[in-house]
Amino acid sequence: MPKDLAEFGGVLKVTVIKIQGFDESSGFMDKTDPFVELEMGEEKFKTATKNNAGGNAEYNEEFAFNKQEGEQTLKVRVYDSDTLSNDLLGQRDVDLDDESTGNGSFDVVKDGKVTGQVFIEFAYN
(Lines give C-alpha, C1' and ligand atoms only; values in the text may rest on other atoms or scores of the structure.)
Protein backbone atom coordinates (compact mmCIF):
# COMPACT_ATOMS: atom_id res chain seq x y z
CA MET A 1 0.00 0.00 0.00
CA PRO A 2 1.42 3.40 -0.79
CA LYS A 3 2.12 5.64 2.15
CA ASP A 4 -0.48 8.19 1.04
CA LEU A 5 -3.42 5.87 0.20
CA ALA A 6 -5.75 7.75 2.56
CA GLU A 7 -5.18 10.83 0.40
CA PHE A 8 -5.69 8.89 -2.85
CA GLY A 9 -8.97 9.60 -4.62
CA GLY A 10 -10.18 7.33 -7.42
CA VAL A 11 -11.10 3.70 -8.00
CA LEU A 12 -9.85 1.37 -5.28
CA LYS A 13 -10.33 -2.28 -6.17
CA VAL A 14 -10.68 -4.64 -3.24
CA THR A 15 -10.63 -8.40 -3.84
CA VAL A 16 -11.88 -10.77 -1.15
CA ILE A 17 -9.78 -13.88 -1.73
CA LYS A 18 -10.99 -16.14 1.06
CA ILE A 19 -11.82 -16.52 4.74
CA GLN A 20 -10.41 -19.09 7.11
CA GLY A 21 -10.42 -20.13 10.72
CA PHE A 22 -14.05 -19.36 11.57
CA ASP A 23 -16.33 -21.79 13.42
CA GLU A 24 -17.47 -24.61 11.15
CA SER A 25 -21.01 -24.69 12.52
CA SER A 26 -23.47 -22.09 13.70
CA GLY A 27 -25.62 -24.43 15.71
CA PHE A 28 -26.69 -28.02 16.01
CA MET A 29 -26.50 -29.66 12.56
CA ASP A 30 -26.10 -26.25 10.87
CA LYS A 31 -22.88 -25.45 9.00
CA THR A 32 -21.86 -21.82 8.70
CA ASP A 33 -23.05 -20.04 5.51
CA PRO A 34 -20.49 -17.21 5.36
CA PHE A 35 -20.37 -14.01 3.35
CA VAL A 36 -18.15 -10.93 3.60
CA GLU A 37 -19.37 -7.34 3.63
CA LEU A 38 -17.11 -4.39 2.76
CA GLU A 39 -17.94 -0.75 3.47
CA MET A 40 -16.14 2.49 2.76
CA GLY A 41 -17.85 5.86 3.04
CA GLU A 42 -21.33 5.55 1.55
CA GLU A 43 -20.55 2.42 -0.50
CA LYS A 44 -21.20 -1.13 0.66
CA PHE A 45 -20.63 -4.44 -1.14
CA LYS A 46 -21.03 -8.09 -0.17
CA THR A 47 -19.75 -11.35 -1.53
CA ALA A 48 -21.91 -14.27 -2.49
CA THR A 49 -23.03 -16.46 0.39
CA LYS A 50 -21.20 -19.80 0.50
CA ASN A 51 -23.92 -22.19 1.68
CA ASN A 52 -22.71 -24.86 4.11
CA ALA A 53 -19.07 -23.87 3.53
CA GLY A 54 -18.24 -23.86 7.22
CA GLY A 55 -15.42 -21.69 8.54
CA ASN A 56 -13.29 -21.65 5.39
CA ALA A 57 -14.49 -20.35 2.02
CA GLU A 58 -12.99 -19.18 -1.28
CA TYR A 59 -14.44 -16.06 -2.94
CA ASN A 60 -12.04 -14.33 -5.36
CA GLU A 61 -14.59 -11.53 -5.78
CA GLU A 62 -13.50 -8.01 -6.74
CA PHE A 63 -15.30 -4.81 -5.80
CA ALA A 64 -14.56 -1.27 -7.02
CA PHE A 65 -14.95 1.57 -4.54
CA ASN A 66 -15.07 5.19 -5.69
CA LYS A 67 -12.71 6.27 -2.94
CA GLN A 68 -12.77 9.91 -1.93
CA GLU A 69 -9.63 11.69 -0.73
CA GLY A 70 -9.35 11.43 3.03
CA GLU A 71 -11.39 8.21 3.38
CA GLN A 72 -9.05 5.98 5.31
CA THR A 73 -11.12 3.13 6.71
CA LEU A 74 -12.36 -0.02 5.01
CA LYS A 75 -14.85 -1.82 7.24
CA VAL A 76 -14.75 -5.60 6.84
CA ARG A 77 -17.46 -7.79 8.36
CA VAL A 78 -18.00 -11.54 8.09
CA TYR A 79 -21.51 -12.90 8.60
CA ASP A 80 -23.27 -16.24 8.79
CA SER A 81 -26.35 -16.03 6.56
CA ASP A 82 -29.51 -17.25 8.24
CA THR A 83 -33.16 -17.19 7.21
CA LEU A 84 -34.34 -14.75 9.86
CA SER A 85 -31.21 -12.64 10.36
CA ASN A 86 -27.50 -12.66 9.61
CA ASP A 87 -25.18 -13.37 12.53
CA LEU A 88 -21.97 -11.36 12.79
CA LEU A 89 -18.96 -13.69 12.97
CA GLY A 90 -16.37 -10.90 13.23
CA GLN A 91 -15.31 -7.48 11.98
CA ARG A 92 -12.25 -5.36 11.34
CA ASP A 93 -11.57 -1.75 10.41
CA VAL A 94 -8.65 -1.71 7.97
CA ASP A 95 -6.68 1.54 8.26
CA LEU A 96 -5.75 2.57 4.71
CA ASP A 97 -3.54 5.35 6.12
CA ASP A 98 -1.25 2.80 7.79
CA GLU A 99 1.70 2.19 5.47
CA SER A 100 1.95 -1.41 6.71
CA THR A 101 -1.52 -2.15 5.29
CA GLY A 102 -1.25 -4.25 2.15
CA ASN A 103 -2.34 -7.45 0.50
CA GLY A 104 -2.72 -10.33 2.91
CA SER A 105 -4.69 -11.63 5.85
CA PHE A 106 -6.55 -9.54 8.38
CA ASP A 107 -7.74 -10.88 11.73
CA VAL A 108 -11.40 -10.17 12.43
CA VAL A 109 -12.71 -9.85 15.95
CA LYS A 110 -15.95 -10.35 17.86
CA ASP A 111 -16.31 -9.57 21.57
CA GLY A 112 -12.58 -8.86 21.84
CA LYS A 113 -11.59 -12.27 20.46
CA VAL A 114 -10.09 -13.14 17.06
CA THR A 115 -12.65 -15.31 15.28
CA GLY A 116 -10.93 -15.84 11.91
CA GLN A 117 -9.07 -14.22 9.03
CA VAL A 118 -10.07 -12.51 5.80
CA PHE A 119 -7.59 -12.48 2.91
CA ILE A 120 -7.79 -9.27 0.83
CA GLU A 121 -5.91 -7.75 -2.10
CA PHE A 122 -5.91 -4.05 -3.03
CA ALA A 123 -5.32 -2.34 -6.39
CA TYR A 124 -5.91 1.26 -7.41
CA ASN A 125 -5.67 3.48 -10.45
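Computed from a predicted model, the values in this text were never measured in an experiment.
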Do the side chains of Asp82 and Asp87 get nearer than 4.5 Å, heavy atoms only? yes
Is there a path of hydrophobic side-chain contacts, each under 4.5 Å between heavy atoms of I, L, V, M, F, W or Y residues, that connects Val36 with Phe45? yes
Euclidean distance, Phe35 CZ relative to Asp80 CG, rounded to 0.5 Å: 8.5 Å
If I compare all heavy atoms of Glu121 with all of Ile17, which pair ends up nearest, and what's the gap? CD-CD1, 3.8 Å
Measure from the side-chain N and O atoms of Glu39 to the backbone N and O of Glu37, and report whether any donor-acceptor pair falls under 3.5 Å. no
Check: residues 108-118 side-chain donor-acceptor pairs under 3.5 Å, at least two apart:
from	atom 1	to	atom 2	distance (Å)
Lys110	NZ	Leu88	O	3.0
Thr115	OG1	Leu89	O	2.8
Thr115	OG1	Val108	O	3.4
Gln117	NE2	Asp107	OD1	3.2

To the nearest 0.5 angstrom, please state how far the CG atom of Asp93 sits from the CZ atom of Arg77. 7.5 Å
How many angstroms lie between atom CG of Leu38 and atom NZ of Lys44, to the nearest 0.5 angstrom? 11.0 Å
Hey, can you tell me if Phe122 and Phe106 have their rings parallel, tilted or perpendicular (30° and 60° cut-offs)? perpendicular
Once rounded to the nearest 0.5 Å, what's the spacing between atom CZ of Phe63 and atom CG of Leu74? 11.0 Å
Any chance you could measure Tyr59, atom OH, to Lys46, atom NZ, to the nearest 0.5 Å? 10.0 Å
Indicate, with yes or no, if Tyr79 and Val76 share a hydrophobic cluster defined by side-chain heavy-atom contacts under 4.5 Å among Ile, Leu, Val, Met, Phe, Trp and Tyr. no
Do Glu43 side-chain atoms and Met40 backbone N/O form a donor-acceptor pair below 3.5 Å? no
Verdict with supporting geometry, Val78 and Phe22, side chain to side chain contact (heavy atoms under 4.5 Å, CB included): CA-CA 9 Å; Val78 180; Phe22 290 89; 3.8 Å; yes
Looking only at heavy atoms, which two atoms of Thr47 and Glu61 are closest? And how far apart? CA-OE1, 3.3 Å
Do Lys67 and Leu96 pass the side chain to side chain contact (heavy atoms under 4.5 Å, CB included) test, and can you show the C-alpha distance, the side-chain angles, and the key distance before you say yes or no? CA-CA 11 Å; Lys67 185 183 175 307; Leu96 300 176; 4.0 Å; yes
Tell me every residue that passes side chain to side chain donor-acceptor pair (under 3.5 Å) with Arg92, counting only those two or more places apart in sequence or in another chain. none
Return a table of donor-acceptor pairs under 3.5 angstrom between the side chains of residues 48-58 and protein atoms on other chains or two or more places apart.
from	atom 1	to	atom 2	distance (Å)
Lys50	NZ	Glu58	O	3.2
Asn56	OD1	Gly21	N	2.9
Asn56	ND2	Glu24	OE2	3.4

Go through the steps for Phe65 and Val14 under the test side chain to side chain contact (heavy atoms under 4.5 Å, CB included), then give the verdict. CA-CA 8 Å; Phe65 286 92; Val14 180; 3.8 Å; yes
Closest heavy-atom contact between Asp23 and Thr32? O-OG1, 3.0 Å
